[in-house]
Peer 1: 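Structure provided below as C-alpha cells; questions to follow.
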Amino acid sequence: MSLQQPSLEQRVWLVISAIPRGKVSSYGDIALLAGHPRAARQVGRILNNLPDHSQLPWHRIISQQGKISLSGERGVMQRDVLRKEGVEVSDAGRVDMKKYRWRP
DNA sequence: GGCATGACATTAG
DNA sequence: TCTAATGCCATGC
C-alpha cells in the first residue's frame, strides 16, 4: 500500500497560514518547516501559483536577508500590507528580521 | 527520463 | 551595501 504524502504545496500552505499578524518569515524557513530544508525556490514557485481567492498571508514571506523579492506593483502592495500590520518596511523594501522574524 | 524554470540562499569581491 | 556567480531542488513539459 502506498499512501500519498501531502504535497509540498499543501505543507507550505499549512505553515504559512500559521504565521501570526505583525510577523514575517522567509522562503527558506517555510521550506524548512515544510520538511524540505533547501526547497526555498519551490516555495516561491508555489506562492506564484496561488489562486487569487486564496486567503494565505503570502505577504508575510520575504527573503532571508529581510528583503522583498517581488518587484513592481506586487512588491509595493506587499510593503504596504506589512506596514499596516505593524511591520517596519523601508522604502527599499527592507525589514528588520531580528525584530519581526517569526519562528515556531 | 532529460531539460528548463524559478516570489531563494550563500559566498566572494 | 550592492552585484555577480554558484549551488539547490521540486515541478512541468
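Each chain gets a letter, A, B and so on, in the order the sequences are listed, and its residues count up from 1. Only a predicted model underlies this, so the values are computations on that prediction, with no experimental measurement involved.
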Peer 1: Are A:L32 and A:W102 connected in the hydrophobic side-chain network, where two residues link if heavy atoms are under 4.5 Å apart?
Peer 2: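 Result: no, two separate clusters.
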Peer 1: Rounded to the nearest 0.5 Å, how far apart are CH2 of A:W13 and CD1 of A:I30?
Peer 2: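 Those atoms lie 14.5 Å apart.
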Peer 1: Checking the side chain of A:Q64 only, and the main-chain atoms of A:S26 only, is there a donor and an acceptor separated by less than 3.5 Å?
Peer 2: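 A pair under 3.5 Å: no.
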Peer 1: Measuring from atom NE2 of A:H59 to atom CZ of A:R74, what distance do you get when rounded to the nearest 0.5 angstrom?
Peer 2: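 Spacing of NE2 (A:H59) from CZ (A:R74) equals 14.5 Å.
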Peer 1: What are the 5'-most and 3'-most nucleotides of DNA chain C lying under 4.0 Å from any heavy atom of chain A?
Peer 2: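 Nucleotide range in contact with chain A: C:dT1 to C:dT11.
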Peer 1: Pick out the pairs of N or O atoms, protein on one side and nucleotides 11-13 of chain B on the other, that lie under 3.5 Å.
Peer 2:
none

Peer 1: Give, ordered by number, those residues of residues 95-104 of chain A having at least one heavy-atom distance below 4.0 Å to an atom of DNA chain B; if nothing qualifies, reply none.
Peer 2: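 Output list: empty, so none.
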Peer 1: Atom CD1 of A:I68 and atom CD1 of A:I62: how far apart are they, to the nearest 0.5 Å?
Peer 2: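 Rounded to the nearest 0.5 Å, the CD1-CD1 separation comes out at 7.0 Å.
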Peer 1: Return the minimal non-hydrogen interatomic distance between A:L33 and A:P104, and the atom names on each side.
Peer 2: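 In terms of heavy atoms, the two residues are closest at CD2-CG, 3.6 Å.
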Peer 1: Can you see which heavy atom on A:I61 is nearest to which on A:Q78, and at what distance?
Peer 2: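 The pair with the smallest heavy-atom distance is O-NE2, 3.0 Å.
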Peer 1: For a quick test of reading the model, state the closest non-hydrogen atom pair linking A:A31 to A:A40 and the distance between them.
Peer 2: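 Result for this residue pair: CB-N, 3.7 Å.
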Peer 1: Under 4.0 Å from any atom of DNA chain C, heavy atoms only: list the residues of residues 37-64 of chain A that qualify, in numerical order.
Peer 2: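 Those residues are A:R38, A:R41, A:Q42, A:R45.
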Peer 1: Which residues in residues 66-78 of chain A have a heavy atom closer than 4.0 Å to any atom of DNA chain B?
Peer 2: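 Close to the strand are A:S69, A:L70, A:R74.
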Peer 1: Which stems, defined as runs of 3 or more consecutive Watson-Crick or G-U wobble pairs with both pairing distances under 3.5 Å, involve DNA chain C?
Peer 2: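 Runs of three or more consecutive pairs: B:2-6 with C:9-13, B:8-13 with C:2-7.
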Peer 1: Is it the case that more than 12 heavy atoms not belonging to A:R83 sit under 6.0 Å from its CZ atom?
Peer 2: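 Enclosed: over 12 neighbouring heavy atoms sit under 6.0 Å from CZ of A:R83.
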Peer 1: If you look at every heavy atom in A:A34 and A:L8, which pair is closest and at what distance?
Peer 2: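 For A:A34 versus A:L8, the nearest heavy atoms are CB-CD1, 4.0 Å.
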Peer 1: Ignoring hydrogens and angles, state whether a donor on the side chain of A:Y27 or A:Q42 is under 3.5 Å from an acceptor on the partner side chain.
Peer 2: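 No, A:Q42 and A:Y27 have no side-chain donor paired with an acceptor closer than 3.5 Å.
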Peer 1: At what distance, to the nearest 0.5 angstrom, does CZ of A:R79 lie from CG of A:D91?
Peer 2: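 One finds 5.5 Å between CZ of A:R79 and CG of A:D91.
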Peer 1: Can you name the one residue among A:L82, A:V89, A:I19 that meets side-chain contact (heavy atoms from CB on, under 4.5 Å) with A:V24?
Peer 2: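 It is A:L82; the other options fail the test.
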Peer 1: For residues A:V76 and A:V95: do they belong to one hydrophobic cluster (side chain heavy atoms under 4.5 Å, members Ile, Leu, Val, Met, Phe, Trp, Tyr)?
Peer 2: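 No; tracing contacts between hydrophobic side chains, which count when under 4.5 Å, never links both residues.
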Peer 1: Measure the CZ-CD distance between A:R45 and A:E9 for me, rounded to the nearest 0.5 Å.
Peer 2: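 Interatomic distance, A:R45 CZ to A:E9 CD, rounded to 0.5 Å: 11.5 Å.
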Peer 1: What do the steps show when you test A:R101 against A:D29 for salt bridge (Lys or Arg N to Asp or Glu O under 4.0 Å), and what is the final call?
Peer 2: CA-CA 10 Å; A:R101 184 186 186 196; A:D29 282 348; 2.7 Å; yes
Peer 1: Determine, for A:E85 against A:K23, whether the closest basic-nitrogen to carboxylate-oxygen distance falls under 4.0 angstrom.
Peer 2: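 Answer for the salt bridge query: no.
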Peer 1: Take the protein atom CG of A:L32 and the nucleotide atom C1' of B:dT10, then report the distance between them rounded to whole Å.
Peer 2: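 Value for this atom pair: 16 Å.
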